[in-house]
Amino acid sequence: MKQCIFCKIAGGEIPSATLYEDEDFRVILDLGPASKGHALVLPKYHAANLYELPDEIAAKVFPLIKRIGGRLARAMGSDGLNVVQNNGEAAGQTVFHFHVHLIPRYQGDQVGIAWEPGSLSEEQKEQILKNYAKEEE
Ligand code: 5GP
Ligand code: ZN
């Protein structure tokens with residue numbers, strides 16, 4: 001994708017603060033970090049979101065975030081780590097090239113990754129299970 005900023009960063013066309021690189025991925029520091037050490041895992045392959053990500057790349061994502069996330073958390077001396085991945089504008093996605101956020105967390109920080117728990121009614125539960133079952137893989 002010629003105009004995609006993350007294609008350019010992942011491919012090295014635009015310089016970035018790179019923590020890690022291999023043939024399929026580049027892991028960089030986020031320019032607008034939610035917390036100290038906020039990093040982004042970028043595949044070099046362009047997929048707009050999770051649904052478009054080829055299985056071959058997807059299969060490598062979790063082993064990678066396990067390794068890099070753990071090392072990053074240790075390096076930052078963080079107390080926790082959020083792994084966040086947004087798909088679609090409604091979910092907060094602003095760059096339409098699949099990426100995973102690694103967000104180190106520190107006790108008492110004010111990073112806003114939280115929600116008010118709602119409730120799941122019996123009726124809703126049945127409806128959701130029915131709709132999901134009807135939908136194709
Ligand atoms: P999204 O909201 O799509 O899940 O996340 C996009 C992230 O990319 C944001 O956290 C934003 O700060 C980061 N970002 C956007 N443009 C750039 C850039 O040019 N360089 C870097 N390093 N991060 C960027
Ligand atoms: Zn791209």
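Whatever order the structure lists them in is the order used to number ligands and atoms, beginning at 1. Because only heavy atoms are used, hydrogens play no part in the values below, and waters and symmetry mates are left out as well, while side chains stay in.
Considering the Zn ion (ligand 2) as centre, the angle to SG of Cys7 and to ND1 of His46 is 110° (10° rounding). Rounded to 10°, the angle formed at the Zn ion (ligand 2) by Cys4 SG and His97 ND1 is 100°.
No more than 12 heavy atoms of other residues, nucleotides or ligands lie within 6.0 Å of CG in Asp55, so this atom counts as exposed by the packing criterion. Heavy atoms from other residues, nucleotides or ligands lying under 6.0 Å from CD of Gln110 number 12 at most.
In plain terms, the two heavy atoms of Ala39 and Leu19 that are nearest each other are CB-CD1, 3.8 Å. Between Gly92 and Asn86, the closest heavy-atom pair is O-ND2, 3.7 Å. Shortest non-hydrogen contact noted between Pro104 and Asp109 is O-OD2, 4.4 Å.
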I would like to know whether His99 and His97 meet ring-ring contact (aromatic ring centres under 6.0 Å, His included); could you show each step before the answer? CA-CA 6 Å; His99 54 279; His97 174 124; 7.7 Å; no
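Among protein heavy atoms, the minimum distance from atom 3 (O) of ligand 1 is reached at Thr94 N, 2.7 Å. Here the heavy atom of the protein found nearest to atom 14 (N) of ligand 1 is Phe6 CZ, 4.0 Å. Of the protein's non-hydrogen atoms, the one nearest atom 2 (O) of ligand 1 is Gly92 O, 2.8 Å. Looking from atom 22 (N) of ligand 1 to the surrounding protein, the closest heavy atom is Leu29 O, 2.9 Å. Nearest non-hydrogen protein atom to atom 15 (C) of ligand 1 is Val95 CG2, 4.1 Å. In terms of protein heavy-atom proximity, atom 23 (N) of ligand 1 is nearest to Leu31 N, 3.3 Å. Considering only non-hydrogen protein atoms, atom 12 (O) of ligand 1 sits nearest to Asp30 OD1, 2.5 Å.
Between His101, His38, Glu89, it is His101 that holds the heavy atom closest to atom 4 (O) of ligand 1.
No N or O atom of Leu40 sits closer than 3.5 Å to an N or O atom of ligand 1.
Proximity of Phe98 to Ile57: side-chain heavy atoms (C-beta onward) are nowhere separated by under 4.5 Å.
Listed by atom number, the atoms of ligand 1 under 4.0 Å from Ile9 heavy atoms are 18 (C), 19 (O), 20 (N). Below 4.0 Å from some heavy atom of Gly32 lie the following atoms of ligand 1, by number and element: 12 (O). Taking a cut-off of under 4.0 Å to the non-hydrogen atoms of His99, the atoms of ligand 1 that pass are 1 (P), 3 (O), 4 (O), 5 (O), 6 (C).
Only the side chain of Ile28 comes within contact range of ligand 1, with a heavy atom under 4.0 Å; no backbone atom does. Within the 4.0 Å heavy-atom criterion, neither part of Phe98 lies near ligand 1.
If you take NZ on Lys44 and CD on Glu21, they are separated by 3.5 Å, rounding to the nearest 0.5 Å. Taking NE2 from His38 and CG from Leu81, the interatomic distance works out to 10.0 Å, rounded to the nearest 0.5 Å. Atom CZ of Phe25 and atom CD1 of Ile68 lie 10.0 Å apart (nearest 0.5 Å).
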